[in-house]
> 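The structure is given below, and queries will be raised subsequently.
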Number of protein chains: 2
Amino acid sequence: MVQAPAQIHTRADEAFDCLQTAIVMGDLAPGEKIGEVELCSRFNLTRGPLREALGRLESRGLLVRRPHAGVKVVSVSAEELLELYRIREVMEGLAARQAAERMTDEEIRDLKATLDSHEKMIEEAQGQAYYQAEGDYDFHHRIATGSRNTKLAQMLLGDLYYMVRMYRYRLSTSAGRPHMALGEHRRIVEAIAQRDGELAEFLMKRHINAARQNIEQKIQQGVLTI
Amino acid sequence: MVQAPAQIHTRADEAFDCLQTAIVMGDLAPGEKIGEVELCSRFNLTRGPLREALGRLESRGLLVRRPHAGVKVVSVSAEELLELYRIREVMEGLAARQAAERMTDEEIRDLKATLDSHEKMIEEAQGQAYYQAEGDYDFHHRIATGSRNTKLAQMLLGDLYYMVRMYRYRLSTSAGRPHMALGEHRRIVEAIAQRDGELAEFLMKRHINAARQNIEQKIQQGVLTI
DNA sequence: TTACCTCATTTTGTTGACAATCCGGCTTGT
DNA sequence: ACAAGCCGGATTGTCAACAAAATGAGGTAA
């Protein structure tokens, strides 16, 4: 569910995926100055493909690289996570609006079905943050692709979501408000089904804004380690 | 003004910059299936660094690469340019709002001075699209960095602006409304100077929306070749 | 004549070795 | 004793050769 492998042919792609998940899942500590040869032995590849993957990761801002000094995983802070949510708010708002205008009826049906399955998962696995998170990503993923805006979907799915996941793993932040989020999701889908782009945008922005405020609250309570 | 070289040390960075500008300026035709060795001889590099640069370019969506089949510059369409403007609208709106909240007084002074110099340039070089475009990029560049939102600035400056420039070179689209744009810029800066984030966001969104409608109009008039 | 299959060439993907550069510890002078 | 300069080790950046895969041409069969 996390990602469709989709025929990983070249070693560089493989390296890229491995590294990306390793960074996102926190297997590579932030600020850790890690050598190329060590990475090679760790993932069973050679330096050529690895180097290419490193370039891509750097281009996406998941790691920084000083010439002749090695690579290190990007450092994170809670403030940056909040900034990320500010970006999500406007971009996913746009995605929701365009999705309302462009999604096919079938896609909307699938979206509704997805929400139903999420509801069941939440009821069954009460408090299992994993399913919540995955369901949440699934929902937002569908909206992004449904916008039919190639670059927008690319930026959301290719950059922002990985970034958000990384921050949340690092800061050990779970969504923490499953029922409320599900209700908001339902309302967004309703707006999309009624082809009300403006409303869908408004609801999506409010939804993400609420999530951001939830994180902000946790920070103020000192729950989050910066 | 286009970009600060900032000590291009490694060959891969050099290759990346060369390729990027070549793609943006249209020296490499869209859909052109170009070989690696040809690129090497053209830019005096070897395949190692080139390959790394190619990966970065692909990651940014400036070219597509099928395994064992070669790379080709991404094809463009006028519709995609409009979609890009839709993204710019919401993202730069956010940038303007945050810039109004966070820019220093000195930065705002510089921004005003920049506009003054733009006005002079427009008056002197009447209709010289080059200065217009450069001035426009300079303005938006300052707003993006002034937002103090690292990821937002990175996405705007690193991805979107290059993309927009590429499309506009390809479609031979010039801004075409210098005085009006300058007035809109002035109003945005005023709002920022008054620390009115909401207004700055609104004005910026309207500004980019107007630019998009301008392009849309040209398309309908058949001026733009798709 | 057309469609399909085979094969050779070209191009990409990968590998290992070479050279340039930086970091840490040591020596040396004040 | 402390600071500055220097040297060795290690790591990164770069290069050229090898192997695998796909495209295109050519031939043969229906």
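Below, chains carry the letters A, B, ... as their sequence lines are ordered, and counting in each starts from 1. Values below: all heavy atoms of this structure, side chains included; hydrogens, waters and symmetry mates excluded.
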> Measure CG/L54(B) against P/dT14(C) and give the value in whole Å, please.
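Whole-Å distance recorded here is 14 Å.
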> Is the positively charged end of R170(B) above the ring of Y167(B), judged by distance under 6.0 angstrom from the centroid and angle within 45° of the axis?
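No, a cation-pi geometry is absent between R170(B) and Y167(B).
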> Taking atom P of dT12(C) as reference, at what distance in whole Å does atom CD of E52(B) sit?
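In whole Å, dT12(C) P lies 18 Å from E52(B) CD.
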> Look at the side chain of E36(A) and decide which nucleotide, out of dT12(D), dT15(C), dT14(D), has an atom nearest to it.
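Taking heavy atoms from C-beta onward, the closest nucleotide is dT12(D).
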> Starting from the 5' end of DNA chain D, give me the residue, K33(B) or L45(B), whose nearest nucleotide shows up first.
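The answer here is L45(B).
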> Does any residue of residues 59-71 of chain B have a heavy atom under 4.0 Å from DNA chain D, and if so, which ones, in number order?
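Within this stretch, R66(B), H68(B) sit under 4.0 Å of the strand.
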> Under 4.0 Å, heavy atoms only, any strand: does R47(A) hit a base, just the sugar-phosphate, or nothing?
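The residue R47(A) makes base contact.
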> In this structure, how many angstroms lie between the C1' atom of dT12(C) and the CG atom of D13(A), rounded?
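After rounding, the gap between these two atoms is 13 Å.
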> Whole Å only: how far is the CD1 atom of I34(A) from the C1' atom of dA10(D)?
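Taking atom C1' of dA10(D) as the reference, CD1 of I34(A) is at 16 Å.
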> Taking C-beta and beyond as the side chain, do L63(B) and L28(B) meet within less than 4.5 Å on heavy atoms?
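Counting from C-beta outward, L63(B) and L28(B) never come under 4.5 Å.
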> Closest approach to the side chain of T46(B), judged atom by atom: which nucleotide of dT14(C), dT14(D), dC15(D) is it?
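Nearest nucleotide to the side chain: dC15(D).
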> Can D13(A) and R56(A) be counted as an ion pair, charged N to O under 4.0 angstrom?
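A salt bridge links D13(A) with R56(A).
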> Which residues pass the side-chain hydrogen bond (donor to acceptor under 3.5 Å, both in side chains) test with N209(B), sequence neighbours left out?
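Only R212(B) meet the side-chain hydrogen bond (donor to acceptor under 3.5 Å, both in side chains) criterion with N209(B).
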> Please report, rounded to the nearest Å, how far the P atom of dT10(C) is from the CD atom of E38(B).
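Result: 15 Å.
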> Using the salt bridge (charged side-chain N to carboxylate O under 4.0 Å, His left out) criterion, which residues pair with R109(A)? Sequence neighbours excluded.
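Listed in chain order: nothing, the list is empty.
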> Just to verify, which of R60(B), E58(B), E52(B) counts as forming a side chain to side chain donor-acceptor pair (under 3.5 Å) with S59(A)?
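With S59(A) as partner, R60(B), E58(B), E52(B) yield a single side chain to side chain donor-acceptor pair (under 3.5 Å), made by R60(B).
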> I'd like to know if R86(A) and E201(B) make a salt bridge, using a cut-off of under 4.0 Å between side-chain N and carboxylate O.
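Looking at R86(A) and E201(B), the cut-off is not met.
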> Can you measure N44(B) atom CG to dT14(D) atom C1' for me and round it to whole angstrom units?
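Taking CG of N44(B) and C1' of dT14(D), I get 15 Å after rounding.
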> Expressed in angstrom and rounded to an integer, what is the separation of R11(A) atom CZ from dG16(C) atom P?
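Value for this atom pair: 11 Å.
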> With sugar-phosphate meaning primed atoms plus P, OP1 and OP2, does G48(B) contact a base, only sugar-phosphate, or nothing at under 4.0 Å between heavy atoms?
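No contact.
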